[in-house]
Amino acid sequence: NDKIYKGGHPMAGDWVSVTEGQVTGGINAVLSNGGTVTGRVTDTGGSGIQGITVRLYEAGTGDYLGFTRSWTDYYGYYTIPRVRPGQLKAFFSSVEYAEGQYKALYYNGKNSMADADAITVQADGTTPGINAVMTRGAGGTISGYVRDQDRNPITNAIVVAYDPISGEAYLGQINTNSSGYFEIKG
């Protein structure tokens with residue numbers, strides 16, 4: 001018997017037993033209408049920054065809301081559709097696509113999730129103006145190799161970086177290359 005979950009998050013849903021070759025019925029869901037979060041990310045000179053990752057977290061628990069992320073376009077604008085209504089916190093990071101050139105931060109210029117301002121998302125509504133001004137060159141680099149027990153490189157291993165102070169925020173991830181090498185800037 002394998003188990004799958006129903007609900008929005010593996011830890012929040014109910015576990016359901018599944019038996020091979022049999023249909024397990026009655027696993028239904030009711031989805032609420034989501035909202036939309038929009039904004040712009042700029043540098044200190046007011047120019048839009050392309051490639052910034054914007055992620056949303058549950059304000060009360062700090063849990064990342066899966067699939068609630070976006071990346072800024074050439075002009076620094078982003079849109080996150082289908083967001084579960086409620087109190088959320090926005091996190092801005094340059095690790096994944098802007099090559100770690102900017103210091104990560106939370107909405108309204110805060111440095112930690114605990115201090116971050118919550119935003120309210122309503123069903124069928126748009127929460128605009130969730131903007132950020134990011135500072136260039138305020139991070140470091142983590143690099144290394146991922147290898148198996150025989151010291152062979154592991155290709156496409158996912159390496160994830162988290163905020164070392166709070167341990168809460170996902171700063172970004174990268175896959176290892178064919179040599180097992182990774183480099184996360186931020």
Side-chain angles (χ1 to χ4, degrees), residues 1-25 27 29 41 49-73 78 80-84 88-107 110-116 132 134-186:
N1 285 343
D2 291 325
K3 291 190 175 184
I4 59 172
Y5 65 91
K6 61 180 181 177
H9 185 278
M11 298 303 160
D14 297 327
W15 288 97
V16 177
S17 294
V18 179
T19 303
E20 184 177 346
Q22 294 183 8
V23 174
T24 304
I27 310 303
V41 180
I49 306 171
Q50 181 177 14
I52 299 298
T53 303
V54 184
R55 293 180 178 272
L56 299 177
Y57 293 83
E58 188 74 49
T61 64
D63 289 340
Y64 169 59
L65 301 177
F67 305 106
T68 57
R69 70 176 177 200
S70 185
W71 296 270
T72 55
D73 66 14
Y78 73 90
I80 305 176
R82 298 177 298 282
V83 176
R84 183 174 66 208
L88 308 176
K89 294 190 177 187
F91 180 70
F92 303 87
S93 171
S94 68
V95 173
E96 291 181 90
Y97 297 105
E99 299 180 359
Q101 298 175 47
Y102 298 89
K103 181 182 178 202
L105 69 137
Y106 291 88
Y107 175 60
K110 303 298 172 59
N111 292 317
S112 72
M113 187 175 292
D115 294 334
M134 299 185 79
T135 305
R136 185 181 270 284
T141 301
I142 301 169
S143 66
Y145 292 87
V146 177
R147 302 180 189 274
D148 66 18
Q149 64 188 14
D150 296 324
R151 312 244 344 121
N152 298 309
I154 297 177
T155 303
N156 288 323
I158 299 172
V159 180
V160 180
Y162 286 89
D163 179 343
I165 297 169
S166 68
E168 304 166 323
Y170 167 95
L171 298 176
Q173 74 180 41
I174 194 160
N175 289 34
T176 57
N177 65 17
S178 61
S179 300
Y181 181 75
F182 71 91
E183 187 173 277
I184 300 176
K185 296 179 182 179

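Between the NZ atom in Lys89 and the OH atom in Tyr106 there is a gap of 8.5 Å [rounded to 0.5 Å]. To the nearest 0.5 Å, atoms CD1 (Ile52) and CG (Leu105) are separated by 9.0 Å.
Checking side-chain atoms of Thr176 against main-chain N and O of Phe182 turns up no donor-acceptor pair under 3.5 Å. When atom types are taken as modelled, the side chain of Ser112 and the backbone of Asp115 share a donor-acceptor pair closer than 3.5 angstrom.
Annotation for Thr72 and Gly51: closest pair OG1-N, 2.9 Å, computed over non-hydrogen atoms. Nearest heavy atom pair, residue Pro153 against residue Gly180, reads CB-N, 3.7 Å.
Residues satisfying the side chain to side chain donor-acceptor pair (under 3.5 Å) test with Tyr145, not counting sequence neighbours, are none. With sequence neighbours left out, Thr61 forms a side chain to side chain contact (heavy atoms under 4.5 Å, CB included) with Glu58, Asp63. Qualifying side chain to side chain contact (heavy atoms under 4.5 Å, CB included) partners for Ser70, counting only residues two or more places apart in sequence or in other chains: Tyr78, Ile80. Every residue meeting the side chain to side chain donor-acceptor pair (under 3.5 Å) condition with Asn152, not counting sequence neighbours, appears here in chain and number order: Asp148. Not counting sequence neighbours, Arg82 has no partner by the side chain to side chain contact (heavy atoms under 4.5 Å, CB included) test. Here Asn156 pairs with Asn175 under the side chain to side chain contact (heavy atoms under 4.5 Å, CB included) rule; sequence neighbours left out.
For the pair Val146/Val159, a side-chain contact is recorded, criterion being any heavy-atom separation below 4.5 Å from C-beta on. Looking only at side-chain heavy atoms (C-beta outward), Val41 and Met134 come within less than 4.5 Å of each other. Between Lys103 and Asn111, some side-chain heavy-atom pair lies under the 4.5 Å cut-off. Taking 4.5 Å as the limit, some side-chain heavy atom of Tyr107 sits within range of a side-chain heavy atom of Phe92. Looking at Val54 and Trp71, their side chains never come closer than 4.5 Å, going by heavy atoms from C-beta outward.
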Full working for side chain to side chain contact (heavy atoms under 4.5 Å, CB included) between Val16 and Thr24: CA-CA 9 Å; Val16 177; Thr24 304; 3.8 Å; yes
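In this structure, Phe91 and Tyr57 have perpendicular ring planes: the angle between them is above 60°, well past the 30° mark.
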